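Protein chains get the first letters and strands the later ones, always in sequence-line order, with residue 1 at the start of each. None of the values given here were measured: they were computed from a predicted structure.
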Protein chains: 2
Amino acid sequence: MNEPRSSTRLSIRHIRSFVAVARHRSLTRAAESLFVTQSALSLTIQHLEDDLGVLLFDRSTRRLDLTQAGEEFMPSAQRLLHDFDSSIRDMRALGNRERGKVGVAAVPSVMALLLPEVVAAYIEAFPDIDVYLREDNSEAVQQRIIEGDVDFGICSPWEPDAELIFEPLFEDSFGVVFAHHHPLATSADDLSWKEIDGYRIIGFSPDLGMQHQLSHTAGLSENVREPRYQVSNTSTIETLLTRGAGVSVMSALAAQRPPLDRLGLRLLTKPVLTRTVGIVRRKGKSLSPAASTMLQHILGTVAQLGRFPGVRILDNVAATSRGKT
Amino acid sequence: MNEPRSSTRLSIRHIRSFVAVARHRSLTRAAESLFVTQSALSLTIQHLEDDLGVLLFDRSTRRLDLTQAGEEFMPSAQRLLHDFDSSIRDMRALGNRERGKVGVAAVPSVMALLLPEVVAAYIEAFPDIDVYLREDNSEAVQQRIIEGDVDFGICSPWEPDAELIFEPLFEDSFGVVFAHHHPLATSADDLSWKEIDGYRIIGFSPDLGMQHQLSHTAGLSENVREPRYQVSNTSTIETLLTRGAGVSVMSALAAQRPPLDRLGLRLLTKPVLTRTVGIVRRKGKSLSPAASTMLQHILGTVAQLGRFPGVRILDNVAATSRGKT
DNA sequence: GCTTATTACGTCAATCGTAAATATC
DNA sequence: GATATTTACGATTGACGTAATAAGC
């Protein structure tokens with residue numbers, strides 16, 4: 001006359017044992033398949049029967065068969081076991097980075113200069129993880145992070161937000177790019193901003209972060225801040241420069257990646273103008289395993305950017321990830 | 001780099017804990033609802049996260065939120081928990097006789113004389129258990145049991161079968177039934193079979209067990225073994241006897257139950273002819289909880305049959321049931 | 001300072017394995 | 001008498017609670 005409320009004592013172990021015995025129709029063989037002794041399994045089945053108040057098996061030394069109640073329990077038990085195991089398996093697969101998805105939002109320059117090779121390496125390492133990339137300006141990138149649209153973003157700091165944290169990756173300085181037959185190609189030394197005033201400037205459209213920054217930096221000459229020629233992609237720039245249409249001011253990183261890496265570059269100093277690029281993610285929100293490994297790949301790739309003149313890697317590129325492994 | 005094969009360590013307890021924490025969004029409150037301490041729950045969650053290799057919650061002292069992985073796990077976990085609990089609950093309901101079904105096959109006399117009041121009491125005690133009754137001759141009753149059509153049967157032993165076991169309930173002897181205005185009504189003493197030879201016998205049709213037995217008993221007079229008047233139900237008999245059409249030979253039990261109990265009865269001895277009635281069920285096959293309680297009710301009712309003259313209760317009416325309670 | 005989660009550790013119960021007993025064929 | 005299940009019992013493991021520690025507000 002006891003009144004057991006909820007099954008605290010019963011666990012998946014009992015279900016697993018029941019199903020094994022029902023399948024093997026033998027305690028001995030079921031015990032082998034479960035890697036326990038017959039006695040342990042016998043007790044487990046007895047406990048299950050006690051708790052349910054129902055005899056599950058009719059057993060003699062020679063025969064073991066399901067009772068009517070056991071037959072009735074079998075389908076639920078099998079389904080329970082299967083669902084449990086596959087749920088656990090799914091979650092573990094997620095933990096082992098064998099499954100999952102990661103979304104990254106980035107500003108155009110990063111999307112073009114950094115992410116292609118990161119993602120290429122990533123999908124090779126984790127072919128079963130879906131990768132979503134979103135290209136946006138810094139403001140929209142931050143918005144996507146806040147809304148949970150992506151796991152993290154890569155951009156320049158735009159407006160501080162209480163919900164977000166910014167972790168710098170590298171600083172990119174500016175330089176001038178020109179064709180090899182251009183007069184500037186006679187030297188590789190750094191230039192001052194004054195020295196390029198006389199050349200025709202081919203600029204980027206202002207929705208690109210680096211052009212935006214140039215436009216808002218006091219002290220630069222008008223044709224750098226508001227160039228009369230504005231294009232929006234690097235291959236167009238490359239064509240124009242190669243034909244001698246002018247020179248272009250851009251970040252050192254952009255200048256040294258295809259297709260512009262075949263042109264000449266001289267860094268602009270006096271003053272050194274830098275543009276910080278970093279990771280933005282939600283405060284207090286840990287990264288998913290997939291996102292965590294993606295971040296690791298990004299950090300690894302960024303670390304190799306230090307070889308480019310004008311690009312300075314910031315030194316907090318070690319302890320940025322969370323999660324396991 | 002460990003390789004956990006199947007989730008042996010993880011149990012429903014972990015799932016239950018996870019769901020509770022996710023719902024309460026607090027270890028403390030979840031722990032209360034689970035009637036454990038925070039520390040125990042904290043460890044449980046950690047073990048779950050360790051085994052899955054995935055962080056399930058982002059927790060600081062002030063906030064606790066599901067990670068992306070946790071969000072993803074939540075639906076499966078809830079379903080797992082619900083399915084587990086309801087499966088267990090179902091089985092326990094079966095064990096508590098709150099659910100189930102029981103099928104009984106019986107020969108006509110038992111079906112008419114014994115089962116009505118047994119079943120009436122049974123459905124009052126267990127209103128949610130379905131009861132199936134099947135009326136058949138002894139041979140067919142045995143067949144139904146072998147085929148698993150019913151849980152057990154009640155009949156006279158027909159042919160021994162290796163698959164079946166027979167447990168006697170009571171012995172029924174024979175008597176002669178007559179109207180109160182009949183000459184036999186002048187005494188209540190036992191009669192010898194010889195003494196009724198002169199009366200016109202109203203018999204039962206031979207498909208009834210007791211008539212069958214009379215027909216195959218050597219030494220009885222012809223008009224008892226093969227009566228010229230054969231009817232198949234007791235109410236017809238009662239009408240005929242009341243009108244003085246004759247007398248009827250039948251089992252003492254049948255004679256003392258409605259509608260024949262208002263007529264006269266004298267037992268036939270010299271010799272005493274008995275008819276054993278008992279339970280037939282499959283060897284080595286335990287009864288379902290519902291069937292077990294049904295059997296208990298039958299035994300209880302049978303025990304009260306002892307008050308009828310000519311009915312002798314056999315003494316193995318105590319330790320016949322299996323299962324709990 | 002108050003609340004909440006984690007860590008440390010002793011206790012207790014559940015599970016398991018070895019081995020003996022029991023039952024069935 | 002051989003095979004399979006159950007029972008008995010000691011050992012190991014795991015879960016729990018108390019209490020101390022750490023971390024956010």
### Message
In whole Å, I'd like the distance from the CZ atom of B/R25 to the P atom of C/dA5.
### Response
13 Å
### Summary
The salt bridge (charged side-chain N to carboxylate O under 4.0 Å, His left out) partners of A/R29 (sequence neighbours excluded) come to none
### Message
Taking B/D58 first and then B/R63, would you say they form a salt bridge - that is, a charged N and a carboxylate O separated by under 4.0 Å?
### Response
no
### Task
Mind checking side-chain hydrogen bond (donor to acceptor under 3.5 Å, both in side chains) for B/E171 and listing every partner two or more places apart, or none if nothing turns up?
B/R312
### Message
Measure CG/A/D51 against P/C/dA14 and give the value in whole Å, please.
### Response
12 Å
Please write out each protein N/O paired with an N/O of nucleotides 22-25 of chain C under 3.5 Å, distance rounded to 0.1 Å.
from, atom 1, to, atom 2, distance (Å)
C/dT24, O4', A/T61, OG1, 2.8
C/dT24, O2, A/T61, OG1, 3.2

### Query
By salt bridge (charged side-chain N to carboxylate O under 4.0 Å, His left out), which residues pair with A/R144, not counting sequence neighbours?
A/D136, A/D149
### Message
Applying salt bridge (charged side-chain N to carboxylate O under 4.0 Å, His left out), can you list everything that pairs with B/R134, at least two apart in sequence or on another chain?
### Response
none
### Task
For the helix from C/dG1-D/dC25 to C/dC25-D/dG1, figure out the bend between the end axes, five pairs an end, and round to 10 degrees.
30°
### Message
Is it the case that the side chains of B/S11 and A/R13 hold a donor-acceptor pair, with the cut-off being a distance below 3.5 Å and no angle test?
### Response
no
### Query
What does B/F57 touch in the nucleic acid at a heavy-atom separation under 4.0 angstrom: a base, only the sugar-phosphate, or nothing?
nothing
### Query
Hey, can you pull the residues of residues 36-46 of chain B with a non-hydrogen atom under 4.0 angstrom from DNA chain D?
B/V36, B/T37, B/S39, B/A40, B/T44
### Query
With a 4.5 Å limit on heavy-atom distance, are the side chains of B/V104 and B/F152 in contact?
yes
### Task
Apply side-chain contact (heavy atoms from CB on, under 4.5 Å) to A/D90 and list each qualifying residue two or more places apart in sequence or on a separate chain.
A/R99
### Message
Test of understanding: with salt bridge (charged side-chain N to carboxylate O under 4.0 Å, His left out), list the residues that count as partners of B/R282, not counting sequence neighbours.
### Response
B/E163
### Summary
Across all chains, not counting sequence neighbours, the side-chain contact (heavy atoms from CB on, under 4.5 Å) partners of A/E71 are A/R25, A/L66
#### Entry: Gap between atoms CD and P, on B/E32 and C/dT3 respectively (whole Å)
13 Å
### Message
Could you tell me the boundaries of the chain A footprint on DNA chain D, defined by atoms under 4.0 Å from its heavy atoms?
### Response
D/dT3 to D/dT7
### Query
Relative to each other, are the rings of B/F18 and B/F73 parallel, tilted or perpendicular (30° and 60° limits)?
tilted
### Message
For B/D51, run the side-chain hydrogen bond (donor to acceptor under 3.5 Å, both in side chains) check against B/Q46, B/H14, B/R9 and tell me which one passes.
### Response
B/R9
### Message
List the residues meeting side-chain contact (heavy atoms from CB on, under 4.5 Å) with B/L43, not counting sequence neighbours, and say none if there are none.
### Response
B/H47
### Message
Distance check needed: C/dA14 P versus A/H14 NE2, whole Å only.
### Response
10 Å
### Query
What integer distance in Å separates B/L27:CG from C/dT3:C1'?
13 Å
